[in-house]
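Notes to accompany the following structure.
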Amino acid sequence: MLSKEEVLARLNKAGYESYLVGGFVRDKLMGRESSDIDIATKAHPNQIEEVFKDFKIIDIGKNFGTIRVIGDGQEYEITTFRKDFSYKDKRRPGQVIFADKIETDLERRDFTINALALIDDNLIDPFGGQLDIKEKIIRAVGSPYERISEDYLRALRALRAVRFAANLGFNIEGELQEAIKKNFKNLAYISVERQAAELDKILLGPDPARGIRLLDKVGLLNEIFPEVSAMIGFDQHSPHHYLDCFDHSLKVLEGTPSDLATRLAALFHDTGKPATFFLDEKGQGRFFGHQKISQDLAIERLKYLRYPKKIIEDVSILIGRHMDSSNTYTEKSVARLLRKLGQENIRRLFDLQEADILATVHEDISNINQGRKFLKKILDSKPVLSRKDLAISGRDVIELGFEQGPLVGHILRKIERAVFEENLKNDRDTLLSMARNIGLKLDRKTYE
Ligand code: ATP
Ligand code: MG
């Protein structure tokens, strides 16, 4: 096992001054564990490779000075001291300039809390990062206006500031907030994948609602999720709601477990409300079919941000069905839902519906708990969840004498439903005789 102490000792012994840096040091000072270890060193990439030639090495950006060393499972990202570099075409880096001193390297880093270096018990803290950790402040290293500007690295800092503030429970220092606000258009320099990666960290973090509010506060929400921003201040005129559409959505978001599909669904579930709103004869707000509009808005936005197909599908299912809990769950309806959605999505749906109800004037989630109870009962009985679990196959139906083709499929579908929703025993003889009966009846209908 190659420990971080050994990594540092090897580099130092070879004559290259080296330090722990970045998130590891920040987290350590906050009393948190961090598995992600970044090391800064005076050694140049070829020299790093030489020092660790007996280990597995991945070149993850030798041109920028970063080498990953893998020592028995633990990875170390080792980066040569360097100066802040500008991005030539605003997206791709131009030339990297290596530096001799750790202080120069710390100067290029984004926030004071990330501009710390540690070797043994010696903390290098030229920008007051330790104090900012204590005071829970995200502050730019140097002038925020210069630090947040036109290129990929600099624009990314805006999203990183929000992410760190939301996930650590910190505030963004005032001038840095202003700088982010003034530069909101620079978001365009960050690839959508990279934007989504930061958003995911915010959404999966301990306080996603705060993250969304911070995005709004620094003027980024309307750029990233305009449909979410459009819910701000939207009065629902509804006796069921005491919050406006935006605050309600954030309360739902807060109420869901840390799961990306569930949280994205929570954020978008009511985005279709403004477009479907009308006042009924009693003067109450109605939103018929809003789930469909919300679904379309979410799909479009998530596609634009290049989310994986599976996530988009799951989010869309959850949004489309978030209103289903207005019907009382029965064992049969849960069984049907389980088969349609699968275990993971039905659980997510219950989580979303629970959070949704708890964010209204109604606080009664007995229907959801009933649904969960039925789900458990069904799963405990080892249900047939798909056609391949049935005790008979299409081949068996054909061997009963029915012609291969649509008829066989039809018979199997009926059997599936009977087994799955009506508790018919999944037993070969039972199913064969049912197949024969259904088949003969259908045959007669068609041919008589
Ligand atoms: P975590 O790994 O918990 O997300 P981290 O602070 O380690 O947090 P990384 O993305 O791993 O974040 O980056 C490592 C370090 O590199 C940061 O602590 C920071 O010092 C520096 N850094 C990363 N991105 C930027 C940037 N866009 N501008 C300036 N410095 C940056
Ligand atoms: Mg890190």
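Counting begins at 1 with the first residue of the sequence. Note that ligands are numbered from 1 as they come in the structure, with each ligand's atoms numbered from 1 the same way. Keep in mind it's a predicted model, so treat the numbers as computed, not measured. Below, all heavy atoms of this structure are taken into account, side chains as well, without hydrogens, waters or symmetry copies.
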Is [X] salt-bridged to [Y], cutoff N-O under 4.0 Å?
| X | Y | result |
| --- | --- | --- |
| D105 | R109 | yes |
| E354 | R372 | yes |
| E416 | R339 | yes |

Of all N, O or S atoms in D36, identify the one at the shortest distance from the Mg ion (ligand 2).
OD2
Can a donor-acceptor pair be found between the side chains of R194 and Y152 at a distance below 3.5 Å?
yes
What I'd like to find out is whether the side chain of D59 reaches to under 4.5 Å of the side chain of T66, using heavy atoms alone.
no
Would you call L159 and L187 a side-chain contact if the rule is heavy atoms closer than 4.5 Å?
yes
Is there any protein N/O under 3.5 Å from an N/O of ligand 1, and what does the full list of such pairs look like?
from, atom 1, to, atom 2, distance (Å)
ligand 1, 2 (O), D36, OD2, 2.8
ligand 1, 3 (O), R26, NH2, 3.2
ligand 1, 4 (O), R163, NH1, 2.8
ligand 1, 6 (O), G23, N, 3.4
ligand 1, 6 (O), R26, NH1, 2.8
ligand 1, 7 (O), G23, N, 3.0
ligand 1, 8 (O), R26, NH2, 3.4
ligand 1, 10 (O), R160, NH1, 2.9
ligand 1, 12 (O), R160, NH2, 3.4
ligand 1, 16 (O), R109, NH1, 3.3
ligand 1, 20 (O), R109, NH1, 3.0
ligand 1, 20 (O), N114, O, 3.1
ligand 1, 24 (N), R160, NE, 3.4
ligand 1, 27 (N), L153, O, 3.2
ligand 1, 28 (N), R157, NE, 2.8
ligand 1, 28 (N), R157, NH2, 3.2
ligand 1, 30 (N), D110, N, 3.1

